*Asks:* 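Mind looking over this structure? Questions follow.
Proteins get letters first, then strands, A, B, ... in listed order; numbering begins at 1 in each. The model shown is predicted, which means the values in this text are computed figures rather than measured ones. As a basis for the values below, the full set of heavy atoms in this structure was taken, side chains included, without hydrogen atoms, waters or symmetry mates.
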Protein chains: 4
Amino acid sequence: MTGKPPRAPRADARRNRALVLRAAAEAFATDGLSVPVHEIARRAGVGTGTVSRHFPTKESLFAAVLLDRMAVLTARADALAATEDPGAAFFAFFAELIHEGTDHRGLAESLAGAGFDIESAAVEAGSDVSGRLHALLKAAQDAGAVRDGITFADVKALMSGCLAREVDPADTGARDRVIAVVRDGLRAT
Amino acid sequence: MTGKPPRAPRADARRNRALVLRAAAEAFATDGLSVPVHEIARRAGVGTGTVSRHFPTKESLFAAVLLDRMAVLTARADALAATEDPGAAFFAFFAELIHEGTDHRGLAESLAGAGFDIESAAVEAGSDVSGRLHALLKAAQDAGAVRDGITFADVKALMSGCLAREVDPADTGARDRVIAVVRDGLRAT
Amino acid sequence: MTGKPPRAPRADARRNRALVLRAAAEAFATDGLSVPVHEIARRAGVGTGTVSRHFPTKESLFAAVLLDRMAVLTARADALAATEDPGAAFFAFFAELIHEGTDHRGLAESLAGAGFDIESAAVEAGSDVSGRLHALLKAAQDAGAVRDGITFADVKALMSGCLAREVDPADTGARDRVIAVVRDGLRAT
Amino acid sequence: MTGKPPRAPRADARRNRALVLRAAAEAFATDGLSVPVHEIARRAGVGTGTVSRHFPTKESLFAAVLLDRMAVLTARADALAATEDPGAAFFAFFAELIHEGTDHRGLAESLAGAGFDIESAAVEAGSDVSGRLHALLKAAQDAGAVRDGITFADVKALMSGCLAREVDPADTGARDRVIAVVRDGLRAT
DNA sequence: TATGAATGAGGGTTCATTCAT
DNA sequence: CATGAATGAACCCTCATTCAT
């Protein structure tokens, strides 16, 4: 009678998946994309096979790590999109993305073109932080809060600059300073 | 006495060194830091052993590649430092660095923290593009052309943003647009 | 006394055993011995643990698959042994074995010495198709229908030739042609 | 002046290549296709990388092993083709192929369809033992020494039978007995 | 008893570096 | 000095088997 509909995943499987995801996020952030899968498994306290079961390839694991963060960010973007000031919304989301990515060496590497393609990772998983950012940008431009001519690609590049490792992760002031520079530069003249 | 006075390198050795350096610059730029040493040797038309002889490690080869470019840039910085407008000098050098690094995937990766540490590579080789940029920055700040509080690290981060692969290398306009944003953001308020 | 009298297996256990056996036969035949146990479980619609419970190792599963077919063949051999013409009986059984094994990639691989040892698999399970074939061979030789000197091992080798994948499974003619060659070659001179 | 024409391989490289080839032939023969590359390297007394350098994939190594033997056989076939009796030539070559393959478990597995595809391995390397056998077969059929209707595929299947591991490699008599059966069966009626 | 998640050894391959030629 | 073959650790991934649920 129960047939074979995809049953809910077992509790331990879910827990391990989460453990792996957390360990991977940390490992990618700390050591970059070149961290061995083996090391991720070790940190998660599981066997390498368990990692592979949940995430068939290393790339898919990275995609999942990004997705995990992105889910939160997507929601945040939607909330901001509903506020009154498009310019403020865009810049707030921009800053949030930066703070999110801070310390994440893997993310920075991916943005820089080393290792995996970040955009395809996001697409693969169906997330759309990019889309949200794009929309917020357009709204801000329509409202005159961001100078015309600036493209979405430009914004992404500037983002990657704010995420650069040159900015001391422990130094919140530095991060904010760089963000401020970009923000002021983006404002309409 | 006859021991080991640093004899002048043989002519063929010098030529090979140059061949390797050129091939490496191209390879790192095109394929990123993960390009095999073997491939660099192939492009240079020499054996892998020759590469290793001149540059004991892959990292030292990358450092040498950077250094090579840096030598040119250092001279350019000195010329700019002698001009009248410190602000213009700084921004010109900044833009020049960006254009220099454009298309250089290895450089972008290194800036993003993937692979080798760019600063230690520079230090190792004794070059001082960083020092020049630092000095130009300071002069510009003293002249009130760059807002106070901005640190050298901030500038490097913003540079890496301008070098991000998101900016289409073929699209000069895009590159300049991003540079303009950063420049305007850096200007004193 | 209440210890462990070999209780009759539960109905669902028996059914699952049969499901696994059928799926395994198909899988081994189609994909060869290297088919993953996981895949067999999937085809059977059971968990991998269920497969392992009934057949502790992959090899024992393969042995069981062979045994299953062998049971039918043993009966057939006994029927043929009761007929009048020993030569005809032997050759008929020989052909039957070939047709049985046709298309069975796993069987062919096993005969060729890849993967599992077929003889020990049969012995392990107590089946005796080999014994039947052996007996029929001896009778045929005694009747002068098969040349002397031919051993049982020779016959098995020739069988494996008739089962070779070079013979197009879809081409009944080819199969029969090869069988005919072996039959004529085996006949007394 | 010498430019860069493919220079003759170094002496040690040639020696190692030969060592690997010999070790591989032995290993494949003894242990079958599933023998680890690592084990082949161990037997050859070289590192695993050396094996990979000479033979980029395991399959290419197997192909080379076959090719090595095939080169000899091709020459032998050509010699036989020049003799007077096409029937004798065909059967002699057939027997030679069998003796060649005797004991070679890897070859038998490949013929049985496990592991690598033997035909494509041969083709890849440009050898054409198959072609030679085919030609000898046709000539023998034209001369009336082999019954009509028999195809090349039939012959290959029967060959694989003669190579079956059931035939004790140490028992030359057994091998010859099986070959005789096939030969007599193939003769025109 | 059934499940399927977990295990972890082992697979083939790559590549920076060394060293005999 | 130049060469490029040799090295072998390390990589990611597969899968037969075990065991908690």
*Asks:* B:Phe62 has an atom CZ; how far is it from atom C1' of E:dT17, in whole Å?
*Replies:* 20 Å
*Asks:* Rounding to a whole Å, what distance do you find between A:Ile40:CD1 and E:dA6:P?
*Replies:* 16 Å
*Asks:* Which nucleotide wins on minimum distance to the side chain of C:Asn16, given the candidates E:dT3, F:dA5, E:dA5?
*Replies:* E:dT3
*Asks:* Between atom CG in D:Leu61 and atom C1' in E:dT13, what is the gap in whole Å?
*Replies:*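 Going from CG in D:Leu61 over to C1' in E:dT13 covers 13 Å.
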*Asks:* Of A:Gly45 and D:Gly49, whose nearest nucleotide on DNA chain E comes first from the 5' end?
*Replies:*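 Of the two residues, A:Gly45 wins.
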*Asks:* Go ahead and name the base partner of E:dG10; Watson-Crick or wobble counts if both distances stay under 3.5 Å, otherwise write none.
*Replies:*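 Answer to the pairing question: F:dC13, which forms a Watson-Crick or G-U pair with E:dG10.
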*Asks:* Would you mind reading off the distance between A:Arg15 atom CZ and E:dA6 atom P, rounded to a whole angstrom?
*Replies:*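 From A:Arg15 CZ to E:dA6 P: 8 Å.
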*Asks:* If the threshold is 4.0 Å, N to carboxylate O, is there a salt bridge linking C:Asp31 and C:Arg43?
*Replies:*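 C:Arg43 and C:Asp31: salt-bridged.
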*Asks:* Pairing check on F:dT21: which nucleotide meets the Watson-Crick or G-U wobble criteria with it, both distances under 3.5 Å?
*Replies:* E:dA2
*Asks:* To the nearest Å, give me how far apart CZ (C:Phe55) and P (E:dA2) are.
*Replies:*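 After rounding, the gap between these two atoms is 12 Å.
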*Asks:* Answer with yes or no whether B:Thr57 presents, from its side chain, a donor or acceptor under 3.5 Å of a partner atom in the base of E:dA16.
*Replies:*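 No, no donor-acceptor pair under 3.5 Å.
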*Asks:* Would you indicate which nucleotide in F:dC1, E:dT17, E:dA6 comes nearest to any side-chain atom of A:Arg53?
*Replies:*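 From the listed options, E:dA6 comes nearest.
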*Asks:* Can you tell which of F:dA16, E:dA6, E:dT3 lies closest to the side chain of C:Thr50?
*Replies:*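 It is E:dT3.
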*Asks:* Determine whether any donor atom in the side chain of C:Thr48 lies under 3.5 Å from an acceptor atom in the base of F:dA16, or the reverse, and answer yes or no.
*Replies:*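 Flag unset: no donor-acceptor pair detected.
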*Asks:* Measure the spacing between OG1 of C:Thr50 and CZ of C:Arg17 and express it to the nearest 0.5 Å.
*Replies:* 13.5 Å
*Asks:* By nearest nucleotide on DNA chain F, pick out whichever of D:Val46 and A:Val35 is the more 5' one.
*Replies:*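 Nearest nucleotide further toward 5': that of D:Val46.
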*Asks:* Check the orientation of B:His104 and B:Phe62. Use parallel for under 30°, tilted for 30 to 60°, and perpendicular for over 60°.
*Replies:*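 Rings of B:His104 and B:Phe62: tilted, 30 to 60°.
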*Asks:* Provide, to the nearest angstrom, the distance between the CD atom belonging to C:Glu39 and the P atom belonging to F:dA16.
*Replies:*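 Going from C:Glu39 (CD) to F:dA16 (P), I get 11 Å.
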*Asks:* As a test of reading the structure: which of F:dC1, E:dA2, E:dG11 is closest to the side chain of D:Pro36, going by heavy atoms?
*Replies:* E:dG11
*Asks:* Looking at every non-hydrogen atom in both residues, tell me the closest pair between A:Val37 and A:Lys58 and how far apart they are.
*Replies:* CG2-CG, 3.7 Å
*Asks:* Can you tell if the side chain of C:Glu109 reaches within under 4.5 Å of the side chain of C:Phe28, non-hydrogen atoms only?
*Replies:* no
*Asks:* Write down the distance between NZ (C:Lys58) and P (F:dT14), rounded to a whole number of angstrom.
*Replies:*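 C:Lys58 atom NZ is separated from F:dT14 atom P by 15 Å.
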*Asks:* Tell me which nucleotide among E:dT13, F:dT3, E:dG4 gets nearest to the side chain of D:Val37.
*Replies:*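 In terms of side-chain proximity for D:Val37, the closest of E:dT13, F:dT3, E:dG4 is E:dT13.
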*Asks:* What's the NE2-C1' distance between D:His54 and E:dG12, to the nearest Å?
*Replies:* 17 Å
*Asks:* From C-beta outward on D:Ser52, which listed nucleotide comes closest to its side chain: E:dA16, E:dA2, E:dT14?
*Replies:*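 Closest of the options to the side chain of D:Ser52: E:dT14.
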